[in-house]
Amino acid sequence: MKIFDGMKKINSFFGAVLFLLPFFGSGQNNETPQAFSLSGKPLFSAAPDARVLKKADSVIQAFVAKGNLTEDDFIEIGRQWVATARYKEAAENYTLGLKQYPNSFKLLRLRGHRYLTLRELDLVVKDLLKARDLIKSQPDSWETDAEGKRTDTYQHQIEYHLGVYYFLKEEYREAVKAFEKSLKEAHVANEIVGTTDWLYNSYRRNGQKKEAQELLTSITPDFSADHEQAYFRRIMLYKGLIKPNELVDETVSPEKLNIQDVTKLYGLANWYSFQGNKQKAKELYGKIIQSNSWPAFAYLASEVELLKK
């Protein structure tokens, strides 16, 4: 009976998807917020490029029409929703996938990530801890991007997103543990750099300044990552190899800040905070949440900073 009821819900949802897809491109999907900030502000997605939207909807429709969706099908459908900034739909898609594949650490990891985006923090940890338990003792399982290129392992991503969760909850000891595990599981240079940055910030907030400084020695100026990546540039600032104005232009108006910009700006705000300039840091956190780049973890982390007493 439970399987039958689950299939009814899946068929009902995707039946609605097929009906509604033609309307998503009209902007109607932007009339209601995708999420609410931690302070209650409605967060709307910008309308995606029409060609990108059409392609994504075509892919979704093709999967839905064939029926009998596999675990990988739900992952691909979710990728299309995310690519067009429809995060609630992506989370619902993963939920439906989990009705068919309740022990899928892949779908749990992906839904946990989207619950972070949607500010559903109480749901994040349940998914990611279950995913961590399910993947325990499993061999490396690689995630891939839309082109089929390996990004990094599910083992790494589960710990990474748990680290972000604990960081946002100001449970810095747990954040350190998760990011340390994530760093051990990271294989790709950009992922190593990003995890190193979050671990550095977790160490600093957990009072482990010595560990933080030692950690930075692992990322040298010639490290084989994208040298324009926001996290790489932030680490160069922490190491004292670039100046604040070489990281990001603080004077850019909030509406012009993209996700890479706010990620850099958040690192700069943290740097000012570590230097003892709390007021400057607070100003930059405030500027970040005036931008439209709310899906960025830097935006969410800035919300947390501004809610501190």
Side-chain angles (χ1 to χ4, degrees), residues 13-37 42-67 69-97 106-107 109-120 142-152 157 161 188 190-191 194 226 228-231 252-264 288 291-300:
F13 173 75
F14 282 124
V17 167
L18 286 172
F19 175 74
L20 291 172
L21 279 177
F23 298 99
F24 279 125
S26 67
Q28 293 185 33
N29 62 320
N30 298 316
E31 291 181 355
T32 56
Q34 277 281 311
F36 289 88
S37 74
L43 302 171
F44 297 88
S45 288
D49 178 84
R51 288 174 296 179
V52 173
L53 184 65
K54 183 178 180 180
K55 181 180 178 181
D57 287 352
S58 176
V59 171
I60 294 170
Q61 192 164 10
F63 275 109
V64 175
K66 83 179 184 67
L69 299 177
T70 66
E71 180 187 39
D72 287 340
D73 290 342
F74 282 107
I75 291 171
E76 182 55 38
I77 291 169
R79 182 181 286 129
Q80 299 302 321
W81 287 123
V82 170
T84 47
R86 294 175 284 185
Y87 306 108
K88 287 194 299 185
E89 291 81 1
E92 179 66 10
N93 164 74
Y94 299 136
T95 297
L96 293 171
K106 297 179 181 181
L107 293 173
R109 169 278 192 261
L110 293 167
R111 188 173 68 171
H113 183 172
R114 287 311 137 206
Y115 281 153
L116 276 171
T117 308
L118 297 173
R119 278 61 173 168
E120 300 283 357
W142 283 83
E143 292 191 21
T144 57
D145 60 19
E147 285 72 44
K149 181 182 178 182
R150 286 181 170 188
T151 53
D152 217 307
Q157 294 290 5
H161 289 87
V188 177
N190 281 355
E191 293 293 326
D226 176 3
E228 294 306 312
Q229 181 206 32
Y231 290 122
V252 174
S253 57
E255 65 272 13
K256 293 183 179 180
L257 294 172
N258 60 31
I259 286 179
Q260 284 289 300
D261 294 331
V262 300
T263 301
K264 291 176 181 177
I288 288 169
S291 77
N292 297 318
S293 295
W294 62 267
F297 288 156
Y299 188 116
L300 180 50

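What you see below is based on every heavy atom in this structure, not just the backbone, and it leaves out hydrogens, waters and symmetry mates. Along the sequence shown, the residues carry numbers beginning at 1.
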Is the shortest side-chain heavy-atom distance between [X] and [Y] below 4.5 Å?
X: Val252; Y: Leu257; answer: yes
X: Lys106; Y: Asp72; answer: yes
X: Asn93; Y: Phe63; answer: no
X: Ile77; Y: Leu69; answer: yes
X: Gln80; Y: Arg86; answer: no
X: Lys66; Y: Asp73; answer: yes
X: Arg114; Y: Thr95; answer: no

Show the numbers, then the answer: is there a side chain to side chain contact (heavy atoms under 4.5 Å, CB included) between Glu89 and Gln34? CA-CA 9 Å; Glu89 291 81 1; Gln34 277 281 311; 3.4 Å; yes

Have a look at Glu143 and tell me which of Lys149, Arg150, Arg79, Arg109 forms a salt bridge (charged side-chain N to carboxylate O under 4.0 Å, His left out) with it.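 When salt bridge (charged side-chain N to carboxylate O under 4.0 Å, His left out) is applied between Glu143 and each of Lys149, Arg150, Arg79, Arg109, only Arg109 qualifies.
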
Spacing of [X] atom [atom1] and [Y] atom [atom2] [to the nearest 0.5 Å]:
X: Glu71; Y: Glu76; atom1: CD; atom2: CD; result: 13.5 Å
X: Thr263; Y: Gln229; atom1: OG1; atom2: CD; result: 9.5 Å
X: Tyr299; Y: Asn292; atom1: OH; atom2: CG; result: 8.0 Å

More than 12 heavy atoms of other groups within 6.0 Å of Lys54 NZ: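 For Lys54, atom NZ is not crowded (no more than 12 foreign heavy atoms under 6.0 Å).
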
Side-chain H-bond candidate by donor/acceptor type, Ser37 with Arg119, under 3.5 Å: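 Result is no, nothing qualifies.
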
Does a side-chain N-to-carboxylate-O contact under 4.0 Å join Asp49 and Lys55?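 Salt bridge absent between Asp49 and Lys55.
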
Test log, rule side chain to side chain contact (heavy atoms under 4.5 Å, CB included), inputs Thr151 and Val188: CA-CA 7 Å; Thr151 53; Val188 177; over 6 Å; no

Atom of [X], atom of [Y] and distance for their closest heavy-atom approach:
X: Ala56; Y: Thr84; value: CB-CG2, 3.7 Å
X: Ser45; Y: Ala85; value: OG-O, 2.7 Å
X: Ala90; Y: Gly78; value: CB-O, 4.0 Å
X: Ala230; Y: Lys264; value: CB-CG, 3.7 Å

Anything under 30° is parallel, anything over 60° is perpendicular, the rest tilted; go ahead and classify Phe297 against His113.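 The arrangement is tilted - the two ring planes meet at 30° to 60°.
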
Among Trp81, Trp294, Tyr115, which one satisfies ring pair (Phe, Tyr, Trp, His ring centres under 6.0 Å) with Tyr87?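 The option that passes is Trp294.
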
Does any N or O in the side chain of Ser293 come within less than 3.5 Å of the main-chain N or O of Val262, such that one atom is a donor and the other an acceptor?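 Checking the backbone N and O of Val262 against the side chain of Ser293, no donor-acceptor pair under 3.5 Å is found.
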
Stepwise side chain to side chain contact (heavy atoms under 4.5 Å, CB included) test for Trp142 and Asp152: CA-CA 6 Å; Trp142 283 83; Asp152 217 307; 4.3 Å; yes

